[in-house]
Undergrad: 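If you scroll down you'll find the structure; I have some questions about it.
FYI, side chains are in, hydrogens and waters are out, and symmetry mates aren't considered; it's all heavy atoms of this structure. What you see is a predicted model, and the numbers here were worked out from it, not measured in a lab. Just so you know, residue 1 is the first one in the sequence shown, and it goes up from there.
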Amino acid sequence: MEGGRLAGEGLGGRETPVTLAKGLIERIGETGGDAADHTAALRQVMESIDLSDLDAIGHRVVHGGSVFSAATVIDDDVVATIEGLVPLAPLHNPAALSGIAVARKLLPDVPQVAVFDTAFHLTIAPEGVTYAIDAELAAAWQIRRYGFHGTSHAYVARKTAALLGRPAKETNVITLHLGNGASACAVQGGRSVATSMGMSPLSGLVMGTRSGDLDPTVIFHLHRVAGLPIEEIERSLTRSAGLQGLTGANDMREIQRRREQGDPAATLAFAVYSRRIREYVGSYLALLGHAHAITFTAGVGENSPSIRAESLHGMSALGIEIDESRNTRGDRLISPDAARVKVCVIPTDEELEIAEETRKALVS
Ligand code: ADP
């Protein structure tokens with residue numbers, strides 16, 4: 001469960017929200033984890049922070065399918081609809097449902113809101129979400145691009161417009177969320193028009209342990225020729241691929257260290273990772289026609305000057321340049337003043353955005 005609350009205001013307040021406390025309860029239900037189950041986890045939260053004047057709880061739900069285009073106040077019907085979406089996100093939605101059930105049980109008088117990772121991307125045009133497969137199969141099994149990390153992309157695109165001193169509605173941004181999971185998004189006037197993750201968070205950019213884009217034949221080949229069961233292929237592409245698969249390490253800091261020592265696998269992984277980003281940036285520039293900014297965020301995006309520099313290398317003819325000293329210093333704006341396309345680094349804050357979306361859902 002993730003949540004946040006807004007300080008110093010009622011639900012209708014317009015002050016800038018601030019984070020009062022932050023915490024993480026990990027590996028719930030696992031041996032050696034922080035809590036035995038979700039009930040125990042929420043009890044820990046209730047003991048460690050004062051929840052007496054709580055206005056609402058915001059739940060991050062990974063998959064909202066084609067149904068939820070905005071954060072939604074939770075009732076029994078909403079829970080049933082999220083349950084119906086479990087086949088689309090079997091690894092993610094059940095955990096969110098446990099969090100919701102426990103929070104509704106322990107705090108029955110507090111309104112609860114579901115904030116979906118997919119919602120921001122429901123503005124993408126049909127041609128951007130339709131896979132060119134048998135249309136009847138696709139319709140029968142809800143197969144299409146959904147996209148994820150929507151809360152983060154929405155938040156950093158808005159923050160980018162503010163940094164540039166432009167109205168969000170007139171600003172085009174390519175946002176690059178590079179954490180353990182990674183995705184790119186083209187945001188036109190505050191609306192998502194393209195994103196790299198697809199039906200699941202497995203496609204698109206190279207990630208810590210996920211492959212990103214692949215020819216589907218890789219899967220048939222691993223099954224038919226290598227004899228791997230389908231579950232094993234899914235596990236491999238989800239947990240033993242990406243940086244992990246290429247080097248045995250999923251942490252970009254480790255890859256960078258090995259690369260500096262001349263390790264060939266780390267050098268290749270770094271290059272594959274950055275090139276994939278460059279390919280998406282190029283394609284999103286083409287889709288947008290003009291981007292005012294490219295923004296890096298999340299663990300790698302916020303902290304790796306070398307990935308930022310390598311990802312956008314050689315694009316000066318497209319108006320994209322990085323100022324090396326700004327980049328290594330970790331400024332918010334890392335392009336030279338005269339650059340046509342601004343390059344920014346904006347720390348994401350998904351919990352704060354979930355709190356803001358929760359507030360909006362309750363006042364609307
Ligand atoms: P999550 O997607 O789990 O929220 P984060 O956004 O925190 O993760 O990203 C975590 C990743 O960020 C780490 O696995 C690591 O690869 C990368 N990272 C963190 N700090 C640095 C750094 N200083 N340099 C390069 N990469 C970093």
Undergrad: Answer with yes or no whether the hydrophobic clustering places Leu176 together with Met315; edges join I, L, V, M, F, W, Y residues whose side-chain heavy atoms lie under 4.5 Å apart.
TA: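 As far as the 4.5 Å side-chain criterion goes, Met315 and Leu176 are connected within one cluster.
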Undergrad: State whether Glu260 and Arg257 are salt-bridged, where the test is any N-O pair (Lys NZ or Arg NE/NH1/NH2 against Asp/Glu carboxylate O) under 4.0 Å.
TA: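 Salt bridge between Glu260 and Arg257, a charged N being under 4.0 Å from a carboxylate O: no.
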Undergrad: Please list, chain by chain and in numerical order, all residues satisfying salt bridge (charged side-chain N to carboxylate O under 4.0 Å, His left out) with Asp251, sequence neighbours excluded.
TA: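 With sequence neighbours excluded, Asp251 shows a salt bridge (charged side-chain N to carboxylate O under 4.0 Å, His left out) to Arg253, given in chain and number order.
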Undergrad: Can you name the residues that form a salt bridge (charged side-chain N to carboxylate O under 4.0 Å, His left out) with Arg329, not counting sequence neighbours?
TA: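 Expected list: Asp331.
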Undergrad: Is Glu353 paired with Arg158 through a side-chain N to carboxylate O contact shorter than 4.0 Å?
TA: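 Yes.
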Undergrad: Checking Ser183 against His149: is there a side-chain donor and acceptor pair closer than 3.5 Å?
TA: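 Ser183 and His149 do have a side-chain donor-acceptor pair below 3.5 Å.
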Undergrad: Does a sphere of radius 6.0 Å around CD in Gln44 hold more than 12 heavy atoms from other residues, nucleotides or ligands, not counting ones at 6.0 Å or beyond?
TA: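 Atom CD in Gln44 is packed in, count exceeds 12.
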Undergrad: Please output the side-chain donor-acceptor pairs of residues 134-144 that fall under 3.5 Å, not counting sequence neighbours, one pair per line with the distance.
TA:
{"unit_1": "Asp134", "atom_1": "OD1", "unit_2": "Glu136", "atom_2": "N", "d": "2.8"}
{"unit_1": "Asp134", "atom_1": "OD1", "unit_2": "Leu137", "atom_2": "N", "d": "3.1"}

Undergrad: Given side chains that start at C-beta, do those of Val62 and Thr118 come closer than 4.5 Å, heavy atoms only?
TA: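 Val62 does not reach Thr118 side chain to side chain.
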Undergrad: Keeping the roles fixed (side chain from Asp213, backbone from Ser203), state whether a donor-acceptor pair exists under 3.5 Å.
TA: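 No.
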Undergrad: I'd like to check the ring-ring contact (aromatic ring centres under 6.0 Å, His included) partners of Tyr146; sequence neighbours left out, ordered by chain and number.
TA: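 Listed in chain order: His63.
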Undergrad: Got a sec, which residues hit side-chain hydrogen bond (donor to acceptor under 3.5 Å, both in side chains) with Ser364, two or more places apart in sequence or on another chain?
TA: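 None.
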Undergrad: State plainly whether one hydrophobic cluster holds both Val206 and Leu214, where clusters connect Ile, Leu, Val, Met, Phe, Trp and Tyr through side-chain heavy atoms under 4.5 angstrom apart.
TA: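 No, because Val206 and Leu214 fall into different hydrophobic clusters, even though each may have its own neighbours under 4.5 Å.
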Undergrad: For the residue pair Asn327 and Ser325, confirm or rule out a side-chain donor-acceptor distance under 3.5 Å.
TA: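 No - no donor-acceptor pair under 3.5 Å links their side chains.
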Undergrad: Got a salt bridge between Arg27 and Asp34, using NZ or NE/NH1/NH2 to carboxylate O under 4.0 Å?
TA: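 No, no charged N to carboxylate O under 4.0 Å.
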Undergrad: Does the plane of the ring in His121 sit parallel, tilted or perpendicular to the ring in His153? Use 30° and 60° as the thresholds.
TA: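 The arrangement is perpendicular - the two ring planes meet at more than 60°.
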Undergrad: Hydrogens and angles aside, do Thr151 and Arg60 bring a side-chain donor and acceptor to less than 3.5 Å of each other?
TA: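 No, because no side-chain N or O of Thr151 sits under 3.5 Å from a partner of the opposite role on Arg60.
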Undergrad: In plain terms, say whether Arg275 and Glu310 are close enough for a salt bridge, that is, a side-chain N and a carboxylate O under 4.0 Å apart.
TA: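 Looking at Glu310 together with Arg275, the answer is no, because their closest N to O distance does not fall below 4.0 Å.
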Undergrad: Nearest heavy-atom pair of Thr72 and Val78: which atoms, and what distance?
TA: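 Thr72 and Val78 have their closest heavy atoms at CG2-CG2, 3.8 Å.
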Undergrad: Starting at OG1 of Thr238, measure out to CD1 of Ile233 and round the result to the nearest 0.5 Å.
TA: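 Reported value, rounded in 0.5 Å steps: 11.0 Å.
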Undergrad: Considering non-hydrogen atoms only, spot the tightest contact between Val113 and Ala361 and give its length.
TA: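 Where Val113 meets Ala361 most closely, the heavy atoms are CG1-CB, 3.8 Å.
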Undergrad: Examine His290 together with His292 and report whether their ring centres are nearer than 6.0 Å.
TA: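 Yes, they do, as the ring centres are separated by less than 6.0 Å.
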Undergrad: Taking atom types as modelled and ignoring hydrogens, do the side chains of Thr295 and Thr160 form a donor-acceptor contact shorter than 3.5 angstrom?
TA: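 Short answer, yes.
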Undergrad: Which pairs count as side chain to side chain donor-acceptor pair (under 3.5 Å) when at least one residue sits in residues 98-115, sequence neighbours excluded?
TA: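 Found His59-Gln112, Asp76-Arg104.
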Undergrad: State, to 0.1 Å, how close Thr358 and Ala56 come at their nearest heavy-atom pair, and which atoms those are.
TA: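 In terms of heavy atoms, the two residues are closest at CG2-CB, 3.7 Å.
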Undergrad: Hey, are the side chains of Val67 and Phe116 touching, using non-hydrogen atoms and a 4.5 Å cut-off?
TA: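 A side-chain contact is absent here, since even the closest heavy-atom pair is not under 4.5 Å.
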Undergrad: Does a side chain donor of either Thr297 or Glu302 reach within less than 3.5 Å of an acceptor in the other side chain?
TA: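 Yes.
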Undergrad: Please determine whether a side-chain nitrogen of the Lys or Arg among Arg43 and Asp37 lies less than 4.0 Å from a carboxylate oxygen of the Asp or Glu.
TA: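 Looking at Asp37 together with Arg43, the answer is no, because their closest N to O distance does not fall below 4.0 Å.
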Undergrad: Would a single hydrophobic cluster contain both Leu88 and Phe120, if residues Ile, Leu, Val, Met, Phe, Trp and Tyr are joined by side-chain heavy-atom contacts under 4.5 Å?
TA: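 Result: no, two separate clusters.
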